[in-house]
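One structure below.
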Number of protein chains: 2
Amino acid sequence: MVSMTSTAPVASHGPVTRKDVARYAGVSTAVVSYVVNGGPKRVAPATEAKVQDAIRVLGYRPNAAARALKLGSSETLGLIIPDNSNPFFSLLAHAVEDAAAELGFALLLTNSGGSLTKERRHIRNLAARQVDGVFLASVLFEPDLEDLAKADIPCVLLNNDRETEGFNSIGVDLAAGARTAVEHLLWHGHTRIGLAMGTNVSNDIDGRELGWREALRDAGVAEGPIIHSDFTRLGGYLAGQRLLAGPDRPTAIFASSDMQAIGILRAIHEAGLAVPGDIAVTSFDGVADAEYSWPALTTVEQPVRAMAAAAVTALVGAARHEPAQHRIFPTALHVRQSCGCPDGNAPQGA
Amino acid sequence: MVSMTSTAPVASHGPVTRKDVARYAGVSTAVVSYVVNGGPKRVAPATEAKVQDAIRVLGYRPNAAARALKLGSSETLGLIIPDNSNPFFSLLAHAVEDAAAELGFALLLTNSGGSLTKERRHIRNLAARQVDGVFLASVLFEPDLEDLAKADIPCVLLNNDRETEGFNSIGVDLAAGARTAVEHLLWHGHTRIGLAMGTNVSNDIDGRELGWREALRDAGVAEGPIIHSDFTRLGGYLAGQRLLAGPDRPTAIFASSDMQAIGILRAIHEAGLAVPGDIAVTSFDGVADAEYSWPALTTVEQPVRAMAAAAVTALVGAARHEPAQHRIFPTALHVRQSCGCPDGNAPQGA
DNA sequence: TTTGACTATTGACTCGAGTAGATCCGAAAT
DNA sequence: ATTTCGGATCTACTCGAGTCAATAGTCAAA
C-alpha cells in the first residue's frame, strides 16, 4: 500500500451516520441500509463486504431514534411495578427483562410506589416515548389505559388474577394457591388458623382471602382472626404482633406474601415462641427470601419466569391485534419447615 | 349544549401529530412547538389558549422518537447491574430510577448476570439507543467503555470504590466499612474472626478483605479462616458450612454481603449453634433483609439513596463535559443483635 | 399618511434511516 | 448488432418535531 489518499480519513466529529459509511464505502446510503437490515433489496457480495468493512472501521451504529421515528417502533417495552425493592417485583422485573431481551426489546423500568397518580403519570410518559408495549402491575384492578389505547400501545396486566374484558392479563390463581397453603396447615391438624392479609388500594376482596376462607369452610373449621396490613416485612411484623396479642391466639398463620411472613416470624421469635412448634406459618409468592428465613418458609410459589415469558408473548400478540388473552398460572406448594414438616418431604397434596 | 357540529371530530386514525394540532387550532406547526416547549419564541396568550385546547381535545403527546432525533437526546438513561433480583441491586436500581425520574429521565434497565459478554452487549445496545448516559455497576474494575466514548455518551461507574483516571465513579469505602464491622466484633472480645468473601470476576483484592485484614492486624489478632464464595445466600450458606467444619472454628464471622450473612445464619442454625452465643456475625450492605433475619444482622450500611442521587448528578455533569469525579461515601454501622449486642444500643464507635 | 419598531406567525429546512421507483449496466437472446 | 431482461444501485421522499430567517400584522410617533 503506497498511500491512503484515496480513502478519506475518519471524520471523527459527532457520531457516525449512515452517510459517513456510504461515503467511506463509496456507495449510496440506501445500500448501507440494505446491508444493515438484510434490507428489502439484495446487495452484491463484493459491495456488502465493502460496506461491512466501512461499518467496522468507522464504528457505525444506526441511530435508534431515527429508526424508531421511521418505523414507528422503538423496540422498547415499558414496565410499571409498585416497588422494585420488593423481592417479588424485582424478581418479576428481572424475568421480564430477560424475556424481552430475548426478542431484542429493551425495558423501561418505572416504580409507581403504589400510587395511582404516579402510575398514571408513568403510563402517559411511556406512551409519549413510543414504547411498543407496556407491562403493568397495577395497584388497581381496572387501571386507566386510555392513553395507551389512544396511542394504540398494547398492554398486559401483570400480577392480575381477575379476567377483565378486553384486557390482556397474566396472573396466578390466588384463591387456589391460598387454599393449598391453608389446607396444608389443616392437614397438620391446626384448627385455629389466622390470616395476615395485605392491603390493596382497591376494596375488592383478595383471592387469597377467599381461598383461606373456603379452605376453612370446607374443612368445617371456624375462621381464625384476620389482620390487614401492608404487603411488607413491617406490615407482617405488626400483623404478627396483633395476632399474637389477640384473645385466642391462632396456632397457625397464613400470610398473603412471603415478606409479611418474614415479619411475622420475627414477631413470633421476639415473643419467645417457636415456629412451627407454637405457631406454624405458610405464605405466598415463593421468593428466594422464603428459603433462607429461619425456619425456612413453606410457601406457595408463583411461576414468575413462566409468567414473564407469557407476558412478553401476549404483548407481542396484542401488538398484532390478536384478541386479548387472559392467562392464569397454577401455583406450587413448596414444603419446607415453617409449617411443621420436619424435613420438607411431607406430602404436597392436601 | 345544542350540537357539536362546529368542532371537527377527532381524526382518530393513527397517533395525533403536531400537524393535527396545528390544523385543529388553525395555526402553523411552529406555534404548536413553541407552546409545547415554552419554545424559543413567544406566543400570544390567545393563540396559546387555542393550542392548549387543541392539545387537550386531541390528546396530543409529542413523539419522543422525533424529539430524540432532532435534539440528539432521548431523555433516557441506561442502567446495567449484575442482577436485579439481588436485594442490594434492586434497591440501587429503585433509587436510581427515582433520582432519574426527578430530572425527567426514564431508565432502561438491563441485567448483565455478572457476564462480561452480556455487559458489553448491553453497553453497545444502550449506545445505539442514544441514551443520554449510562450507569454501570460493572463486573470489572476497568470496563470497556469504548463504545460509549465513541458515541460521546457519559458513564458513571456504580458500586466502585477505586478511583480510575477519567472515569466518573461512585462507591463506598469498602475497606473502612469492613474495618468498622470487624472492629465491632473485636470489641466484643472475639479473637478468631473468619471472613466469608464474595468472588469478583477481577482478581484484584477486594477492599472488604483489606479492611478485615487491617482491623485484625491493628488489634494484634491472628487472621481467621477465609472462604471465598458467591455474593449470594447460597454462597454464604456453603461458606458457612465450610467455616464451621474447619479445624479451629471461628467465634465470629464477617460476611462481605448481607446475602452471604443470611446464608451463613442458616448454616449455623442447621448446625444447632446459636447466634450470637456460639458465633457472632456482622456483614456488609445494609439491605432490608438484614433487619428481618433472625437474629437481626449487625451490618455496615451503604447510603444507597444518596449514592444514586450523586450518580445522577455526576452523569448530568459528565454530559456537560465537566471533569470526571469520583465520590466515595462513608458507610454506617447498624448495630443489631447478630454481633452480640443485646438490644442494638451498643457503642457504634470502636 | 407614512415610517419605524416591534411582535406574532409562518414557511422551510434539518435530524438519520427506511424504502419505493427510477436508472444503470452487463449478459443472454434474437 | 440490437433488443431484452434482470440484478445492482441510486435518487428522492417520508417519518414528527425543533427552530431560524422571512413575512405579516400592529400600533405609536412623526
Side-chain angles (χ1 to χ4, degrees), chain A residues 11 13-52 54-55 58-75 127-132 150-152, chain B residues 11 13-52 54-55 58-75 127-132 150-152:
Chain A
H13 263 319
V16 183
T17 75
R18 182 180 64 162
K19 211 192 238 170
D20 300 323
V21 176
R23 183 172 17 246
Y24 187 95
V27 299
S28 77
T29 59
V31 175
V32 178
S33 277
Y34 297 150
V35 169
V36 170
N37 310 334
K41 306 237 171 135
R42 299 198 60 78
V43 172
T47 316
E48 161 144 18
K50 276 194 300 180
V51 173
Q52 291 287 16
I55 289 176
L58 301 180
Y60 168 71
R61 306 255 97 205
N63 181 317
R67 241 184 124 87
L69 173 59
K70 192 82 234 284
L71 299 179
S73 151
S74 55
E75 308 261 88
R129 283 169 186 276
Q130 316 288 115
V131 295
D132 295 330
K150 244 186 219 155
D152 193 34
Chain B
H13 262 319
V16 183
T17 75
R18 184 180 62 162
K19 210 193 239 172
D20 300 324
V21 176
R23 184 173 15 249
Y24 187 95
V27 298
S28 78
T29 59
V31 174
V32 177
S33 275
Y34 296 151
V35 169
V36 170
N37 308 334
K41 304 245 170 125
R42 299 200 59 78
V43 172
T47 316
E48 160 144 16
K50 274 194 302 182
V51 174
Q52 291 288 17
I55 289 176
L58 300 180
Y60 168 71
R61 304 258 98 203
N63 181 318
R67 245 184 120 87
L69 172 58
K70 194 80 234 287
L71 299 179
S73 150
S74 55
E75 308 261 87
R129 284 170 185 276
Q130 316 288 116
V131 295
D132 295 329
K150 245 187 219 154
D152 193 34

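Letters go in sequence order (proteins before strands), and every chain restarts at 1. Computed from heavy atoms alone, side chains included, the values below leave out hydrogens, waters and symmetry copies. All values reported here derive from a predicted model rather than from experimental measurement.
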Counting the atoms with a prime plus P, OP1 and OP2 as sugar-phosphate, which does [X] contact under 4.0 Å by heavy atoms, base, sugar-phosphate, or nothing?
X	result
B:Thr17	sugar-phosphate
A:Ala44	sugar-phosphate
A:Val31	sugar-phosphate
B:Val36	nothing
A:Val32	nothing

Q: Would you state whether a donor and an acceptor, one from the side chain of B:Arg61 and one from the base of D:dG16, lie under 3.5 Å apart?
A: no
(Q) Main chain of A:Gln130, side chain of A:Ser74: is a donor-acceptor contact present, judged purely on distance under 3.5 Å? (A) yes
Distance below 4.0 Å between [X] side-chain N/O and [N] OP1 or OP2:
X	N	result
B:Arg67	D:dG18	yes
B:Ser33	D:dT19	no
A:Tyr60	C:dA17	yes
B:Thr47	C:dT9	yes
B:Asn37	D:dG18	yes

**Q.** Closest-nucleotide ordering on DNA chain C, the 5'-leading residue of B:Lys41 and B:Ala66
**A.** B:Lys41
Q. A:Asp20 and A:Pro15: which non-hydrogen atoms are nearest, and at how many Å?
A. OD2-O, 4.0 Å
Q. To the side chain of B:Lys70, which of D:dC10, C:dA8, C:dC15 is closest?
A. C:dC15
